[in-house]
J.: 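Provided herewith is a single structure, encoded as structure tokens, for subsequent inquiry.
All values reported here derive from a predicted model rather than from experimental measurement. Atoms considered below: every heavy atom in the structure, side chains included; atoms not considered: hydrogens, waters and symmetry mates.
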Amino acid sequence: MTSKERTRLRALAMKTDSIFQIGKTGITPQQTDAIRDALKARELVKINVLKNCDEDAAVLARLLSERTGSEVVQVIGKKIILYKKNMQKEEKKRLDKKREQKKREYTRKKPDQAKTRKTVKMPVKGRKQV
């Protein structure tokens with residue numbers, strides 16, 4: 001992950017709330033599964049480590065990233081931000097963009113100039129042209 005991507009993800013994470021909390025029991029398999037599902041749905045997850053947790057937040061972040069297949073964006077104090085790219089979402093966005101572009105091209109097309117004929121009005125005999 002490049003530093004620009006990480007900066008963009010940090011900015012997005014600032015606006016979101018923490019959706020998971022890790023307490024004194026540490027990381028349970030159920031929490032890992034729930035975080036994995038949330039990463040699949042949202043791509044960016046913010047986790048809060050409570051004060052009564054014995055483990056360090058950086059260690060927990062590394063452990064969660066290994067178990068969920070995600071990347072650690074940032075660890076600040078007791079906050080962990082994880083990111084995992086969802087390829088299905090990316091494909092859907094790409095297809096939607098392609099459909100929108102085709103729609104715009106279709107509405108912009110004009111009839112072919114060779115097919116339309118311009119009729120020239122011929123003067124009628126015996127009538128005065130105005």
J.: Return yes when atom NZ of Lys89 has more than 12 non-hydrogen atoms of other residues, nucleotides or ligands closer than 6.0 Å, and no otherwise.
T.: yes
J.: Using side-chain heavy atoms (C-beta onward) and a distance below 4.5 Å, is Met1 in contact with Tyr83?
T.: yes
J.: Using a 4.5 Å cut-off on heavy atoms from C-beta on, say whether the side chain of Leu50 contacts that of Ile22.
T.: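 They are not in contact (no side-chain heavy atoms under 4.5 Å apart), so the answer is no.
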J.: Measure the CG-CD1 distance between Leu60 and Ile47 for me, rounded to the nearest 0.5 Å.
T.: 9.0 Å
J.: Using 0.5 Å steps for rounding, measure from the CE atom of Met87 to the NZ atom of Lys92.
T.: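 Going from the CE atom of Met87 to the NZ atom of Lys92 covers 15.5 Å.
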J.: Give me the atom names and distance for the closest heavy-atom approach of Leu82 to Ser65.
T.: CD2-CB, 4.4 Å
J.: May I ask you to say whether Arg94 pairs ionically with Glu91, meaning some side-chain N is under 4.0 Å from a carboxylate O?
T.: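 Salt bridge: yes.
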J.: If I take atom CG from residue Leu95 and atom CD from residue Glu100, how far apart are they, to the nearest 0.5 angstrom?
T.: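 So the gap between those two atoms works out to 13.0 Å.
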J.: How close do Arg6 and Val72 get, heavy atom to heavy atom, and via which atoms?
T.: NH2-O, 4.0 Å
J.: Go through the steps to decide whether Leu44 and Lys84 satisfy the test side chain to side chain contact (heavy atoms under 4.5 Å, CB included), and finish with yes or no.
T.: CA-CA 7 Å; Leu44 189 68; Lys84 183 177 182 183; over 6 Å; no
J.: First locate atom CG of Asp54, then atom NZ of Lys24, and finally report the distance between them rounded to the nearest 0.5 Å.
T.: 9.5 Å
J.: Are the side chain of Ser70 and the backbone of Glu66 linked by a donor-acceptor contact shorter than 3.5 Å?
T.: no
J.: Give, for atom CD of Gln74 and atom CD1 of Ile80, the distance between the pair rounded to the nearest 0.5 Å.
T.: 11.5 Å
J.: Which atoms form the tightest heavy-atom contact between Asn86 and Glu43, and what is the distance?
T.: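 That would be N-OE2, 3.2 Å.
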J.: Quick one: closest heavy-atom pair of Ile27 and Leu63, and the distance?
T.: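 The pair with the smallest heavy-atom distance is CD1-CD2, 3.9 Å.
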J.: Below 4.5 Å, heavy atoms only, C-beta onward: do Arg10 and Val73 meet side chain to side chain?
T.: yes
J.: Side-chain contact, heavy-atom cut-off 4.5 Å: Lys46 with Ser18?
T.: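 Contact flag for Lys46/Ser18 side chains = yes.
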J.: Is Asp96 salt-bridged to Lys93, cutoff N-O under 4.0 Å?
T.: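 Answer for the salt bridge query: no.
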J.: Are Lys79 and Asn48 side-chain neighbours, meaning at least one heavy-atom pair lies under 4.5 Å?
T.: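 Yes, at least one pair of side-chain atoms sits under 4.5 Å.
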J.: Using 4.0 Å as the upper bound for N to carboxylate O, is an ion pair formed by Lys40 and Asp37?
T.: no
J.: With no hydrogens and no angle check, is any side-chain donor or acceptor of Arg36 less than 3.5 Å from a backbone partner on Arg67?
T.: yes
J.: With side chains defined as the heavy atoms from C-beta onward, is the minimum distance between Leu9 and Ile81 less than 4.5 Å?
T.: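 A side-chain contact is absent here, since even the closest heavy-atom pair is not under 4.5 Å.
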J.: Looking only at heavy atoms, which two atoms of Ala57 and Val75 are closest? And how far apart?
T.: CB-CG1, 3.9 Å
J.: Find the distance between NZ (Lys102) and NZ (Lys98) and round it off to the nearest 0.5 Å.
T.: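 Nearest 0.5 Å value for the NZ-NZ distance: 5.5 Å.
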